[in-house]
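Source: prediction; values computed, not measured. Throughout, a chain's letter reflects where its sequence line sits, starting with A, and its residues are numbered from 1.
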2 protein chains.
Amino acid sequence: MAEKITIYDISNKLNISAATVSRALNNNPKISLKTKELVLKTAAEMNYKQNRLAQALKSGKTNNVGVIVPYINRSFFSSVIRGIEEELSPHGYHVIICQTHEDVHNEIEQINTLLNTQIDGIFMSVAKTTQDTKHIEKVVKENTPLIFFDRKKNIDGISSVVIDDFKGGYLATEHLIKQGCKKIAHFSGDLNLEIYRNRHEGYLAAMKDYDVTAIPKFSMQVNSKIESGSTAINDLWNLSEQPDAIFSASDYAALGAIQELKRKGIKVPEEVGVVGFSNEPFTKYMELPITSVDQTPVEMGRNAAKVFLEQIEGSKTLSIEKKVVLTPKLNIRESSNRELIKKLLVSKE
Amino acid sequence: MAEKITIYDISNKLNISAATVSRALNNNPKISLKTKELVLKTAAEMNYKQNRLAQALKSGKTNNVGVIVPYINRSFFSSVIRGIEEELSPHGYHVIICQTHEDVHNEIEQINTLLNTQIDGIFMSVAKTTQDTKHIEKVVKENTPLIFFDRKKNIDGISSVVIDDFKGGYLATEHLIKQGCKKIAHFSGDLNLEIYRNRHEGYLAAMKDYDVTAIPKFSMQVNSKIESGSTAINDLWNLSEQPDAIFSASDYAALGAIQELKRKGIKVPEEVGVVGFSNEPFTKYMELPITSVDQTPVEMGRNAAKVFLEQIEGSKTLSIEKKVVLTPKLNIRESSNRELIKKLLVSKE
DNA sequence: ATAACAGTTGTAATCGATTGCACTAAAGTA
DNA sequence: TACTTTAGTGCAATCGATTACAACTGTTAT
């Protein structure tokens with residue numbers, strides 16, 4: 001049923017040209033007020049809806065943007081996407097999502113099909129396996145705005161929105177030091193990713209600033225998995241000396257560590273304080289809530305969207321790359337809070 | 001730089017018509033093999049990329065689908081979207097995401113802009129506040145395939161993919177009964193949503209089947225929040241008699257209940273067994289992992305996508321509505337597992 | 001009275017790909 | 001030889017909206 005109404009239908013009905021209808025609808029100053037009102041009224045009556053495909057073909061602008069992430073159902077990524085959607089939706093943009101499954105080949109594929117669909121911009125967090133960046137540079141060459149969030153690559157002309165991972169690492173470590181911890185271990189992630197390198201450096205910097213010796217063996221590469229956290233604890237407890245705190249760059253590894261420590265009968269946070277990273281939803285639900293560095297993902301998405309909007313508004317003129325760095329927020333919870341434990345003990349007496 | 005190559009560029013270079021190029025690229029049988037090969041080769045050399053907008057305008061098919069959910073960063077919804085994306089991506093579709101924030105007005109708005117962008121189909125989970133369904137019926141009238149997942153409305157001609165919430169409620173309750181629980185309370189959700197009504201009925205049916213008395217006061221409407229779960233426990237413990245098990249239609253309320261029971265010094269699962277619903281990621285990470293009914297969201301998404309594909313393949317001919325009902329899976333964990341506790345006690349001796 | 005001009009509106013090309021119909025040349029048939 | 005058939009290709013319209021340029025009307029300046 002519902003036949004699509006076009007500007008031609010309106011122009012026929014009013015015995016005027018389609019050009020006039022188009023101009024009237026676009027509020028072109030050359031059209032008389034009388035005609036404009038008539039067209040607008042008739043369009044409403046006929047329930048006219050602009051064909052956005054035709055418009056897109058003519059203008060080259062689709063009002064669609066693409067977001068490329070490893071997995072859409074990771075809490076962090078879906079929250080960033082939420083931020084992007086909420087910021088762009090009022091501006092008439094639609095958000096297309098793509099997953100790479102952490103595989104560069106998919107990343108390349110997704111970029112190509114997105115470019116082919118003529119999206120107006122791309123937001124992405126690179127896959128862990130991405131080394132070569134030709135496919136990313138191609139986006140810039142095609143003049144499509146590209147914005148990295150969280151996981152970026154250093155490529156000229158590409159804007160990015162990240163958190164200050166160095167600071168995150170620093171804050172976490174500083175907090176543990178202030179809780180009286182002297183031998184802090186660090187569970188790092190895949191060092192191919194800048195974010196993990198930065199967290200590690202933040203850790204080292206805090207140790208240095210507070211004159212706490214950073215034992216090299218205590219810097220370990222641990223996967224973002226519960227079991228990896230447990231294993232890492234076992235590895236540590238096979239060494240000649242053990243840490244009195246863990247700063248894990250992953251909440252999952254932190255959880256695994258806590259579980260393993262409990263199994264060993266080691267008290268958290270009294271004997272070993274633990275801090276994670278990402279503020280995964282589960283961290284605050286635990287019986288022993290886990291201190292964690294919040295990456296403010298929704299804010300990150302919003303900011304990425306804002307950078308995009310600036311870039312296309314300012315368009316050709318000043319399309320300078322913009323690097324936004326958000327400050328992470330340390331959420332202190334029981335897994336590291338010795339003060340709190342002391343208080344609780346006192347109040348129980 | 002990178003000028004867009006069109007079929008006209010190819011046709012000029014080869015001194016043939018654009019029509020021939022188009023047909024060659026589409027493998028039209030009327031074109032000679034020689035010409036086809038020549039065109040294909042030249043197209044590859046010139047790095048030709050088909051303009052999907054032009055094609056979409058001509059064919060009326062955009063290869064985009066829209067997904068409307070309350071919030072994209074809820075674990076359940078983002079997992080469904082993942083399933084949809086993974087199933088549709090190989091077929092060349094892109095997934096556009098929209099959020100309603102549980103507000104009908106946004107729902108209406110999103111549907112309108114999606115229809116206007118000429119997506120090829122819509123997947124949606126209705127907002128809690130949705131009562132009137134005119135905006136949804138409009139989609140059907142415009143002949144756009146619509147598929148409900150999880151939260152549906154009963155409207156003729158609309159396919160849906162849901163889990164058997166009745167069975168989920170039944171399984172959870174049956175499990176508690178088999179653990180020896182006699183006085184099982186049920187935390188229901190917003191009864192405006194079919195899913196919560198069904199879970200409740202499953203609970204009642206199991207109670208009846210096993211001759212366990214369902215105390216009316218033990219069926220409570222509890223929000224999907226931790227605090228609501230705690231409050232509900234307090235309400236129950238103000239009654240003359242208390243339950244020995246809780247089947248909560250929400251994992252969050254279940255968690256709140258467990259926390260409150262612990263505060264009261266009541267042992268879970270020994271004194272009160274608890275089962276949640278949704279299998280939120282946190283349920284399995286808890287120190288006391290929570291038994292929960294898994295809704296298999298990724299599978300749900302995949303199935304919804306399959307229904308969509310069937311509908312557009314079979315197109316006009318047999319566009320009969322299809323109702324897919326997936327079987328939920330009960331993940332038994334410690335919060336309800338008395339057998340396990342017994343075993344643990346024995347093994348400790 | 002006529003040129004000049006502002007204000008409106010129409011004509012037609014354009015964005016790229018697709019496709020019904022027409023046309024050509026070569027092959028087949030009588 | 002004359003006519004039909006068929007394979008292969010081109011022409012031009014179409015999808016719907018936009019826009020440079022042309023054209024027309026009525027008004028103002030000279």
**Request:** Return no unless some side-chain N or O of B:T35 is found under 4.0 Å from OP1 or OP2 of D:dT9.
**Result:** yes
**Message:** Can you classify the ring geometry of A:H101 versus A:Y71 as parallel (below 30°), tilted (30 to 60°) or perpendicular (above 60°)?
**Reply:** parallel
**Message:** In whole Å, I'd like the distance from the OH atom of B:Y48 to the P atom of C:dG16.
**Reply:** 10 Å
**Message:** Does A:N26 reach a base, just sugar-phosphate, or nothing at all? Heavy atoms under 4.0 Å.
**Reply:** sugar-phosphate
**Request:** Respond yes when some side-chain nitrogen or oxygen of A:S22 is under 4.0 Å from OP1 or OP2 of D:dT18, and no when none is.
**Result:** yes
**Asked** Starting at CZ of A:R23 and ending at C1' of D:dA22, how long is that distance when rounded to a whole Å?
**Response** 11 Å
**Item:** Whole angstrom value for the distance that separates P of D:dA17 from CD1 of A:I5
**Value:** 10 Å
**Request:** Check the pair B:E86 / B:R82 against salt bridge (charged side-chain N to carboxylate O under 4.0 Å, His left out), numbers first and verdict last.
**Result:** CA-CA 6 Å; B:E86 290 177 357; B:R82 173 171 169 174; 2.8 Å; yes
**Asked** B:Q118 has an atom CD; how far is it from atom C1' of D:dA17, in whole Å?
**Response** 12 Å
**Prompt:** A:V21 or A:Y8: which one's nearest nucleotide on DNA chain C is closer to the 5' end?
**Reply:** A:V21
**Request:** Would you tell me if any nitrogen or oxygen in the side chain of B:Q55 comes within less than 4.0 Å of OP1 or OP2 on D:dC15?
**Result:** no
**Request:** For A:D156, look at atom CG and say whether over 12 heavy atoms of other residues, nucleotides or ligands are found less than 6.0 Å away.
**Result:** no
**Message:** Are A:F123 and A:F149 an aromatic pair, judged by ring center distance below 6.0 Å?
**Reply:** no
**Message:** What I want to check is whether the side chains of A:E107 and A:T130 have a donor and an acceptor closer together than 3.5 Å.
**Reply:** yes
**Prompt:** Which comes earlier along DNA chain D counting from the 5' end, the contact point of A:I7 or that of B:S32, where each point is its nearest nucleotide?
**Reply:** B:S32
**Asked** Rounded to whole angstrom units, what separation is found between the CG atom of B:L57 and the P atom of C:dC15?
**Response** 14 Å
**B:T6 side-chain proximity, nearest of C:dT11, D:dA17, C:dA17** = C:dA17
**Request:** Figure out the CD1/C1' separation between A:I31 and C:dA6, and round it to whole Å.
**Result:** 14 Å
**Asked** Which of the following nucleotides, C:dG16, D:dT18, C:dT9, is nearest to the side chain of B:K58?
**Response** C:dG16
**Item:** OP1 or OP2 of D:dG10 under 4.0 Å from side-chain N/O of B:T20
**Value:** yes
**Below 4.0 Å: OP1/OP2 of D:dT18 and any side-chain N or O of A:Q50** = yes
**Message:** Between P on D:dA17 and CG on A:L25, what's the gap in Å once rounded to a whole number?
**Reply:** 9 Å
**Request:** Select one nucleotide: of D:dC15, D:dT19, C:dT9, the one nearest the side-chain heavy atoms of A:A19.
**Result:** D:dT19
**Message:** Without decimals, in angstroms, what is the distance between A:K61 NZ and D:dT19 P?
**Reply:** 13 Å
**Asked** Is A:I16 touching bases, backbone alone, or none of the nucleic acid, heavy atoms closer than 4.0 Å?
**Response** sugar-phosphate
